[in-house]
Amino acid sequence: MFSTTFRYALISLVEMALEARTLQTRQIAARFELSPHYLSVVLRELRRLGLVESVKGNRGGYRLLRPAAEINLLELYRSLAGSDGNGIQGEASPERSTADAWLQNLAERWGRDLEAVSLVDLCSKPGS
């Protein structure tokens, strides 16, 4: 259901929020058995989006640039999926089929659910 990019990004951001320190790509990749190469691509994208910053040096790595409470899952999803949010807000059509209407309704509920959850929520409710 979720892309690998979204999954890697969410894992990384939650870990940074929980640790409240700089984390290296290899630390996150090893802990969660992720591809270090692909994770580094995702972290560079998160940096481009202004969600994390990279720190140079021996103890370098990545850390959150914004407070965890200010990063909600819908924002993250849309930022990674592109401007259309990959179907979260579909096109309105006066002659939609029943299936299209059901899918649109589902996408809207899913979007509201994602918007209601921030990183800080995930940190306070592990496994939910």
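- When all heavy atoms are compared, the tightest approach of T5 to V42 is O-CG1, 3.9 Å.
- For the pair G50 and L65, the tightest heavy-atom approach, listed with the atom from each and the gap, is O-CD2, 3.6 Å.
- With sequence neighbours left out, E75 forms a side chain to side chain donor-acceptor pair (under 3.5 Å) with R66.
- Between S79 and L49 the shortest heavy-atom distance is CB-CD1, 3.7 Å.
- Taking 4.0 Å as the cut-off between side-chain N and carboxylate O, E115 and R112 do not count as a salt-bridged pair.
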Can you check side-chain contact (heavy atoms from CB on, under 4.5 Å) on L43 and S40, steps first, answer last? CA-CA 5 Å; L43 289 169; S40 66; 5.6 Å; no
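- Of all the heavy atoms in V52 and M16, the pair that sits closest is CG1-SD, 3.7 Å.
- Summarising the geometry of S12 relative to L39, their closest heavy-atom pair is OG-CD1, 3.1 Å, with the distance given to 0.1 Å.
- To the nearest 0.5 Å, atoms CG (L76) and CG (L46) are separated by 6.5 Å.
- Rounding to the nearest 0.5 Å places CZ of F2 at 8.0 Å from CG of L73.
- Partners of Y38 according to the ring-ring contact (aromatic ring centres under 6.0 Å, His included) rule, which considers only residues two or more places apart in sequence or in another chain, are Y8.
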Does the pair D113 and L74 meet the rule for a side-chain contact (heavy atoms from CB on, under 4.5 Å), with working shown? CA-CA 8 Å; D113 287 348; L74 183 59; over 6 Å; no
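- Considering only residues two or more places apart in sequence or on other chains, E70 meets the side chain to side chain donor-acceptor pair (under 3.5 Å) condition with none of them.
- Side-chain contact between L18 and C123: present, with at least one pair of heavy atoms (C-beta onward) separated by less than 4.5 Å.
- One distance of note links OG1 of T22 with OH of Y62; it measures 11.5 Å at 0.5 Å rounding.
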What verdict does the side-chain contact (heavy atoms from CB on, under 4.5 Å) test give for N72 and L114, after you've listed the backbone C-alpha separation in whole Å, the side-chain angles of each residue and the deciding distance to 0.1 Å? CA-CA 7 Å; N72 76 54; L114 284 177; 6.0 Å; no
Between V41 and E45, is the side-chain contact (heavy atoms from CB on, under 4.5 Å) condition met? List the steps. CA-CA 6 Å; V41 171; E45 180 64 10; 5.9 Å; no
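- Take R63 and apply the salt bridge (Lys or Arg N to Asp or Glu O under 4.0 Å) test, not counting sequence neighbours, and it matches E53.
- R26 pairs by the side chain to side chain donor-acceptor pair (under 3.5 Å) definition with Q24, not counting sequence neighbours.
- V55 shares a hydrophobic cluster with no other residue; no ILVMFWY side chain has heavy atoms under 4.5 Å from its own.
- The side chain to side chain donor-acceptor pair (under 3.5 Å) search around R59 returns none, not counting sequence neighbours.
- Applying the salt bridge (Lys or Arg N to Asp or Glu O under 4.0 Å) definition to pairs two or more places apart or across chains, those involving residues 5-18 are E15-R31.
- For R21, the salt bridge (Lys or Arg N to Asp or Glu O under 4.0 Å) partners at least two apart in sequence or on another chain are E19.
- Summarising the hydrophobic clusters (Ile, Leu, Val, Met, Phe, Trp, Tyr; side-chain heavy atoms under 4.5 Å, direct or chained), the residues clustered with W102 are L103, L106.
- For A68, the side-chain contact (heavy atoms from CB on, under 4.5 Å) partners two or more places apart in sequence, or in a different chain, are A17, L64, L119, V120.
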